[in-house]
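Report on one structure; see the data block that follows.
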Amino acid sequence: MLCSQAWLCSLPWLLLLLLLLLGAQGRPANNSGLRDKEQQELLPPDHLNGVKLELDGHLNRDFHQEVFLGRDRQHFEQLEQLEQPSGARGKLSAIFSKVDINNDKKISAKEMQRWIMEKTDEHFQEAVEENKMHFRAVDPDGDGHVSWDEYKIKFLASKGFNEKEIAEKIKNNEELKIDEETQEVLDNLRDRWYQADSPPPDLLLGEQEFLSFLHPEHSRGMLHFMVQEIIRDLDQDGDKKLTLSEFISLPVGTVENQQAQDIDDDWVRDRRKEFQEVIDANHDGIVTMEELEEYMDPMNEHNALNEARQMIAVADENQNHHLELEEILKYSEYFTGSKLMDYARNVHEEF
């Protein structure tokens, strides 16, 4: 349908342009506090792109989309918001061609494995780039190192404490009046800080060490520490291993109605399937720390191949152990988060 008023048609674009212009305005130096985005950057994120578990032990619901789209995921989200299925279909077709390196019009498990590793590396590089900005935010004197006290001052400032007062008290070794919840978070962060401090330990983190602090998937030692934390939170009998019942008993929330019960049931079913079919590598009903660490390692090529086979199995309707373009289009929500099948059917009918 054509728009009767040209200026109305362009209104969304004008608003978008205005937002971009406002976002591009320079901001003053950060001397007394941190803005919302910078506050979030001070904490290691619970969600790590391309890693199968969140740091709190929940399954990463977006994992398949992250390792299939890489940085293109944001582009797909924009196309969906703008209701442009043709653009999303074209983009998905272009991705298919890139994955299909031998140009036989179908994707094998090996081709998908190579693609998953490439997209995971993209997430790694993105984290490195973001870390440069985050590190500058917490390195006030620009000496290339951040002490635990410097970080603690910035963290508490992000929680509403007066930065100058906190800095003065820490300098004079005075007691800080901090609520119990904030103190518990600080204690956990301090443990992680010490783990990220590469030998010889000096309690100062350089840029690479700070990357390991925020993104433990970049360091084998920190990955091990992350797994220890997850097992500690889920392990109920203290044997440093996980049974199926321990893995599926993480509380989702209070079940108040049937809809909430259905969500809980889906959550338990997904976790049981992941535990039995993927994490428990030797199928003995027990997940050891080594098994969980292998499962969590985003650059594990064996895991990438298994993931590729699982992704193919989801959409492989003709059971030839490969993916054709129409199969990916039909199951586009699994791969991209966008529903394109209705559009694909309409296009087919038009021609």
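Within the model, atoms CG of Leu214 and CZ of Arg192 stand 9.0 Å from one another, a figure rounded to the nearest 0.5 Å. Between His224 atom NE2 and Glu290 atom CD the span is 7.5 Å, to the nearest 0.5 Å. One finds the CG atom of Asn103 at 7.5 Å from the OG atom of Ser97 (value rounded to the nearest 0.5 Å). One finds the CG atom of Asn49 at 6.5 Å from the CD atom of Glu126 (value rounded to the nearest 0.5 Å). Going from atom CG of Leu223 over to atom CD of Glu217 covers 8.5 Å, rounded to the nearest 0.5 Å. In this structure, Ile153 CD1 and Ser158 OG are separated by 12.5 Å, a value rounded to the nearest 0.5 Å.
Ser249 places a side-chain N or O within donor-acceptor distance of the main-chain N or O of Glu246, the cut-off being under 3.5 Å. Here the side chain of Glu66 pairs a donor or acceptor atom with the backbone of Gly50 at under 3.5 angstrom. Judged purely by atom type and a 3.5 angstrom limit, Asn303 has no side-chain atom pairing as donor or acceptor with the backbone of Glu307. Remark: side-chain polar atoms of Gln65 are not paired, donor with acceptor, to backbone N or O of Asp62 under 3.5 angstrom. Asp197 places a side-chain N or O within 3.5 Å of a backbone atom of Leu203 that can act as its donor or acceptor partner. Between the side chain of Asp100 and the backbone N or O of Lys105 there is at least one donor-acceptor pair closer than 3.5 Å. A donor-acceptor pair is defined here as one N or O able to donate and one able to accept, closer than 3.5 Å; no such pair exists between the side chain of Asp235 and the backbone of Leu242. A side-chain donor-acceptor contact under 3.5 Å links Asn131 to the backbone of Glu207.
When all heavy atoms of Ala137 and Lys154 are compared, the pair lying nearest together is O-CE, 3.8 Å. Residue Ser212 comes nearest to Met222 through the heavy atom pair O-CE, 3.5 Å, listed as atom of the first residue, atom of the second, then distance. Across every non-hydrogen atom of Leu325 and Ser93, the tightest pair is CD2-OG, 3.8 Å. Nearest heavy-atom pair across Met226 and Pro216 is SD-CG, 3.6 Å.
With respect to the salt-bridge test (charged N to carboxylate O, under 4.0 angstrom), the residues Glu118 and Arg114 qualify. In summary, Arg190 and Asp187 engage in a salt bridge, as defined by a charged side-chain N under 4.0 Å from a carboxylate O. With respect to Glu122 and Lys119, a salt bridge is recorded, a charged nitrogen being found less than 4.0 Å from a carboxylate O.
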Quiz item: After noting the C-alpha distance and the side-chain angles of Ile279 and Lys52, does the key distance pass the side-chain contact (heavy atoms from CB on, under 4.5 Å) rule?
Solution: CA-CA 10 Å; Ile279 309 176; Lys52 298 200 74 172; over 6 Å; no

Practice problem: Apply side-chain contact (heavy atoms from CB on, under 4.5 Å) to His123 and Val51, showing your working. | Solution: CA-CA 10 Å; His123 289 304; Val51 179; over 6 Å; no

Exercise. Go through Glu301 and Lys110 one step at a time and tell me if the salt bridge (charged side-chain N to carboxylate O under 4.0 Å, His left out) criterion holds.
Key: CA-CA 10 Å; Glu301 293 188 5; Lys110 281 291 186 180; over 6 Å; no

Quiz item: Would Glu163 and Lys152 satisfy salt bridge (charged side-chain N to carboxylate O under 4.0 Å, His left out), going step by step from the backbone distance to the final call?
Solution: CA-CA 10 Å; Glu163 184 171 336; Lys152 183 164 68 173; over 6 Å; no

Quiz item: For Val146 and Leu204, what are the C-alpha separation, side-chain angles and deciding distance, and is it a side-chain contact (heavy atoms from CB on, under 4.5 Å)?
Solution: CA-CA 5 Å; Val146 180; Leu204 298 174; over 6 Å; no

Practice problem: Take Met117 and Met299 through the side-chain contact (heavy atoms from CB on, under 4.5 Å) test and state the conclusion after the steps. | Solution: CA-CA 7 Å; Met117 295 298 291; Met299 296 307 290; 3.7 Å; yes

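Under the ring pair (Phe, Tyr, Trp, His ring centres under 6.0 Å) criterion, Phe335 pairs with Phe68, sequence neighbours left out. Residues satisfying the ring pair (Phe, Tyr, Trp, His ring centres under 6.0 Å) criterion with Tyr194, sequence neighbours excluded, are absent altogether. With sequence neighbours excluded, no residue forms a salt bridge (Lys or Arg N to Asp or Glu O under 4.0 Å) with Arg232.
Within a 6.0 Å radius of CD in Gln319, other residues, nucleotides and ligands contribute more than 12 heavy atoms. Heavy-atom neighbours of Glu181 CD from other residues, nucleotides or ligands within 6.0 Å: at or below the threshold of 12. The neighbour count for Glu184 CD, taken as heavy atoms of other residues, nucleotides or ligands under 6.0 Å away, does not exceed 12. No more than 12 heavy-atom neighbours from other residues, nucleotides or ligands sit within 6.0 angstrom of NE2 on His321. The environment of CD in Gln208 is sparse: at most 12 heavy-atom neighbours from other residues, nucleotides or ligands sit within 6.0 Å.
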Please tabulate, for side-chain N and O atoms in residues 167-178, each donor-acceptor pair with protein atoms closer than 3.5 Å (sequence neighbours left out).
unit_1, atom_1, unit_2, atom_2, d
Glu168, OE2, Asn172, ND2, 3.3
Asn172, ND2, Glu168, O, 3.2

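Under 3.5 Å, the side chains of Asn188 and Glu229 contain no donor-acceptor pair of N or O atoms. A donor-acceptor contact closer than 3.5 angstrom is absent between the side chains of His322 and Asn320. Inspection of the Asp280 and Gln276 side chains reveals no N or O donor paired with an N or O acceptor under 3.5 Å.
No side-chain heavy atom of Trp115 sits under 4.5 Å from any side-chain heavy atom of Glu111. Between Leu156 and Leu186 the shortest side-chain heavy-atom distance falls below 4.5 Å. Between Glu150 and Val138, every side-chain heavy-atom pair lies at or beyond the 4.5 Å cut-off. Between Thr336 and Lys91 there is no side-chain heavy-atom pair separated by less than 4.5 Å. Side-chain contact between Asn318 and Glu327 is present, with heavy atoms from C-beta onward closer than 4.5 Å. Within the 4.5 Å cutoff, the side chain of Ile116 has heavy atoms near those of the Met311 side chain. In this structure, Asp46 and His58 have side chains that are not in contact, with every pair of non-hydrogen atoms separated by 4.5 Å or more. Between Arg220 and Asp297 the shortest side-chain heavy-atom distance falls below 4.5 Å.
Leu59 is connected to Leu48 through a chain of hydrophobic side-chain contacts under 4.5 Å among Ile, Leu, Val, Met, Phe, Trp and Tyr, so both are in one cluster. Phe225 and Met289 fall into different hydrophobic clusters, where Ile, Leu, Val, Met, Phe, Trp and Tyr residues are linked whenever their side-chain heavy atoms come under 4.5 Å apart, directly or through other members. Residues Ile230 and Val278 share a single hydrophobic cluster, defined by chaining ILVMFWY side chains whose heavy atoms lie under 4.5 Å apart. Under the 4.5 Å side-chain heavy-atom criterion for Ile, Leu, Val, Met, Phe, Trp and Tyr, Leu205 and Leu189 are members of the same hydrophobic cluster. In this structure, Ile95 is a member of the same hydrophobic cluster as Tyr334, with clusters built from ILVMFWY side-chain heavy atoms closer than 4.5 Å.
Separation of the His134 and Phe210 ring centroids does not fall under the 6.0 Å cut-off.
Residue Val128 shares its hydrophobic cluster (ILVMFWY side chains chained together at separations under 4.5 Å) with Leu211. Residue Ile101 shares its hydrophobic cluster (ILVMFWY side chains chained together at separations under 4.5 Å) with no other residue.
The aromatic rings of Phe155 and Tyr151 sit parallel to each other, their planes meeting at less than 30°, with 60° as the upper class boundary.
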